[in-house]
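Below is one structure, written out as structure tokens; comments come after it.
Computed from heavy atoms alone, side chains included, the values below leave out hydrogens, waters and symmetry copies. Residue numbers begin at 1 in each chain, while the letters A, B, ... track the order of the sequences.
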2 protein chains.
Amino acid sequence: MIFNQIERISNLLRAEERKEGGEYGLQAVHMETLYYLSKCNRFSDTPASVTEYLQLTKGTVSQSLRVVESKGLIKKQTDACDRRVIHLKITARGKRVLANSMPPSLFSNALEEMPLETKAQLQTALDTLIKACQKENNSKSFDVCGSCRYCQPVDDKTHFCGLTKQPLSNDDIQLICREHTLIQTNE
Amino acid sequence: MIFNQIERISNLLRAEERKEGGEYGLQAVHMETLYYLSKCNRFSDTPASVTEYLQLTKGTVSQSLRVVESKGLIKKQTDACDRRVIHLKITARGKRVLANSMPPSLFSNALEEMPLETKAQLQTALDTLIKACQKENNSKSFDVCGSCRYCQPVDDKTHFCGLTKQPLSNDDIQLICREHTLIQTNE
DNA sequence: TCAATATAGTTTCGACTCGAAACTATAAAT
DNA sequence: ATTTATAGTTTCGAGTCGAAACTATATTGA
């Protein structure tokens with residue numbers, strides 16, 4: 001029953017993405033890519049990360065990125081330390097498209113209409129579901145730094161990533177990281 | 001925030017559909033088509049209904065259906081009353097594929113793990129969200145007969161559809177109908 | 001240190017999606 | 001009986017998608 005609902009909402013979302021993206025000659029997967037890039041941290045804005053997030057092949061993603069780049073929505077930047085790595089930066093134009101389209105108005109309006117209490121319940125329940133899926137997938141949780149086992153508080157303004165050995169700001173820890181690892185729970 | 005979660009779950013679902021479908025040479029949209037056909041009623045198993053449900057164009061759907069048919073998962077049947085209309089029937093093979101793949105195990109397992117109370121809250125909250133989306137879309141709600149304004153109870157075993165003038169069984173009213181219309185609420 | 005191996009990304013191919021527009025066929029309306 | 005509407009198909013071009021071969025850079029290790 002819940003799966004029916006998820007499946008339906010997923011189709012609604014995809015239809016909206018097609019509709020919104022269509023105005024700019026974009027496909028649904030382009031919108032999903034752009035949206036991911038707007039939510040991920042500075043270690044996770046690479047073709048490989050997009051590939052893992054969407055669970056496609058790197059060849060497929062490479063082609064889609066070429067299209068999105070050709071429309072002037074992202075820009076490629078070679079990493080300074082590792083010249084194999086490319087960072088995908090959303091352009092000003094890309095940000096405008098994204099701001100107009102995501103979330104699609106169908107969802108922002110529907111969510112606005114919902115009672116606050118129902119929204120709070122929905123958020124908590126979805127969080128439980130996502131965590132269960134992440135556990136089930138047992139790798140690649142693609143969540144925000146704040147909920148990662150490697151994230152350590154330093155003071156009230158900074159945190160520290162035990163994996164990349166990099167400092168993280170309060171803004172940083174709200175971004176999605178490809179290296180995100182679930183906090184271990186003993187059961 | 002809730003939108004982030006929905007977007008993530010939607011990507012997880014699509015990835016699972018690709019994975020499960022891939023074993024049979026099927027694409028994600030093929031899985032969604034098959035799943036829809038397994039959940040819809042006898043008035044709604046047509047190419048036009050699939051088109052409206054997925055919000056694609058009829059040309060696109062026509063081609064996808066040809067592929068799904070060529071793999072022996074559905075069969076086309078011309079309607080007896082209106083020879084323009086085609087009914088899409090899932091074959092035994094199609095049913096087997098569907099039973100193996102939908103819901104994908106990632107979701108059935110994750111849902112199994114969730115506490116009953118959380119599940120109940122999730123279901124209620126998702127229902128509210130879907131209803132809000134249906135209202136926002138103001139047409140094409142694609143929901144089960146039971147929640148349609150045209151559905152009238154006759155006795156404890158049968159109902160009656162005021163639109164198609166057809167009797168509906170208790171099983172029937174749990175299937176998705178393309179003519180589904182929201183019960184009007186005065187606000 | 002230099003060769004083997006691993007990693008990040010691109011390219012190419014073939015099957016398929018997707019929208020748009022032209023098309024066929026049947027039914028309904030006038 | 002002729003329009004008009006509806007259901008579905010076909011064709012075209014751009015793009016997705018996976019698989020496999022490819023380039024380029026980093027890392028490993030003998």
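For the pair R18(A) CZ and dT17(C) C1', the computed distance is 10 Å after rounding to whole Å. Protein atom CD of Q27(B) is 7 Å distant from nucleotide atom C1' of dT17(C), rounded to whole Å. Rounded to an integer number of Å, the gap from CD of Q63(A) to P of dT11(C) is 9 Å. Note: CD (Q55(B)) to P (dT17(C)) measures 18 Å, nearest angstrom. Look at OH on Y24(B): it is 19 Å from C1' on dG18(D), rounded to the nearest Å.
Proximity note for I86(A) (side chain, C-beta onward) versus dT10(C), dA22(C), dC18(C): the nearest is dT10(C). Distances from the side chain of K71(A) to the nucleotides dG15(D), dT10(C), dA26(D) place dG15(D) closest.
K76(B) comes within 4.0 angstrom of the backbone, heavy atoms only, and of no base. S64(A) comes within 4.0 angstrom of sugar-phosphate atoms only, judged by non-hydrogen atoms across all strands, and of no base.
The base of dG18(D) sits with one of its N or O atoms less than 3.5 Å from a complementary donor or acceptor on the side chain of T60(A). Contact annotation: side chain of R84(A) to base of dT7(C), donor-acceptor pair present below 3.5 Å.
Figure legend: R96(B) and Y24(B) shown without cation-pi pairing, the cationic atom not lying both under 6.0 angstrom from the six-membered ring centre and within 45 degrees of its axis.
For the pair T57(B) and dA20(C), the criterion of a side-chain N or O lying under 4.0 Å from OP1 or OP2 is not met.
Both L65(A) and H87(B) sit near DNA chain D, but only H87(B) has its closest nucleotide nearer the 5' end.
Taking the side chain as every heavy atom from C-beta outward, H159(A) and N170(A) approach each other to under 4.5 Å.
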